[in-house]
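Only one structure is covered here, and it is reproduced in the block below.
Any value given below was found using the heavy atoms of this structure, including those in side chains, with hydrogens, waters and symmetry copies removed. In the text below, chain A, chain B and the rest are named by the order of the sequence lines, each starting its count at 1.
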Amino acid sequence: EDKVVQSPLSLVVHEGDTVTLNCSYEVTNFRSLLWYKQEKKAPTFLFMLTSSGIEKKSGRLSSILDKKELFSILNITATQTGDSAVYLCARDFGNEKLTFGTGTRLTIIP
Amino acid sequence: GAVVSQHPSRVICKSGTSVKIECRSLDFQATTMFWYRQFPKQSLMLMATSNEGSKATYEQGVEKDKFLINHASLTLSTLTVTSAHPEDSSFYICSARRAALSYEQYFGPGTRLTVT
């Protein structure tokens with residue numbers, strides 16, 4: 001079945017902590033895996049991962065894809081209250097459609 | 001940048017009425033637009049893919065006669081929820097694809113529909 005599962009479903013940490021969010025999928029033949037951050041409105045793009053083992057970084061955020069084990073992680077270091085959001089991963093088969101995961105709701109406590 | 005707008009941002013309607021939601025790409029031409037629905041605390045579910053000048057492609061389980069999609073130009077797609085019911089209350093988000101690479105999907109701000 002075409003599933004994208006994220007864990008944990010929710011996470012509450014203190015400001016300054018480091019968090020790791022997981023995204024696992026079941027189907028191997030896709031073009032890319034994407035991460036989005038969703039606050040109160042629509043998702044904003046974070047990363048696109050196409051190759052296994054190559055880390056993408058943007059400031060305190062980084063992400064990597066493991067095509068062999070069928071998962072991706074999103075790391076956020078030195079978290080800030082502005083990082084509080086729902087983080088979504090999505091799989092792109094290359095046919096224009098994105099299949100979104102269940103999302104992880106991250107809450108950063110000051 | 002690539003900006004996508006939606007109108008209205010919030011709408012409340014009575015059961016049985018129809019509601020139209022507009023999705024516009026403001027500074028680029030979008031050959032393909034996508035409509036998603038998101039229920040509270042759930043992920044985005046793709047409803048349909050809208051291509052300019054042709055009929056929309058609906059995902060399994062989405063009623064095409066209930067959710068009418070029109071993509072009349074390269075910058076505008078509309079979603080009309082016909083004979084709305086309370087269970088249609090949801091957050092509707094559109095996205096627009098600018099180029100051949102599908103990661104270049106730019107999301108609109110969403111429309112919160114409440115059917116009373």
Checklist entry - Are B:Glu52 and B:His71 close enough, and set up right, to give a side-chain contact (heavy atoms from CB on, under 4.5 Å), and what steps lead you there? => result CA-CA 5 Å; B:Glu52 187 264 336; B:His71 195 154; 3.7 Å; yes

Item to check | chain A contact via B:Gln6 - which portion, at a heavy-atom distance below 4.5 Å | outcome: neither

Checklist entry - Which of parallel (below 30°), tilted (30 to 60°) and perpendicular (above 60°) describes A:Phe45 and A:Tyr36? => result perpendicular

Item to check | Ion pair B:Glu22/B:Arg24, N-O distance below 4.0 Å | outcome: yes

Item to check | Which of A:Arg105, A:Gln6, A:Gln38 touches chain B most, by non-hydrogen pairs under 4.5 Å | outcome: A:Gln38

Checklist outcome for this item: Highest number of heavy-atom pairs under 4.5 Å with chain A among B:Pro109, B:Ser9, B:Gly108, B:Gly110 belongs to B:Pro109

Checklist entry - Do B:Ser77 and B:Trp35 get their side chains close enough for a donor-acceptor pair, meaning under 3.5 Å? => result yes

Checklist entry - In terms of the angle between their ring planes, are B:Tyr92 and B:Phe67 parallel, tilted or perpendicular, with boundaries placed at 30° and 60°? => result tilted

Item to check | B:Leu46, part contacting chain A, at a heavy-atom distance under 4.5 Å | outcome: side chain

Item to check | Interface residue of largest heavy-atom contact number with chain A, from B:Met45, B:Lys41, B:Arg112, B:Gln38, under 4.5 Å | outcome: B:Gln38

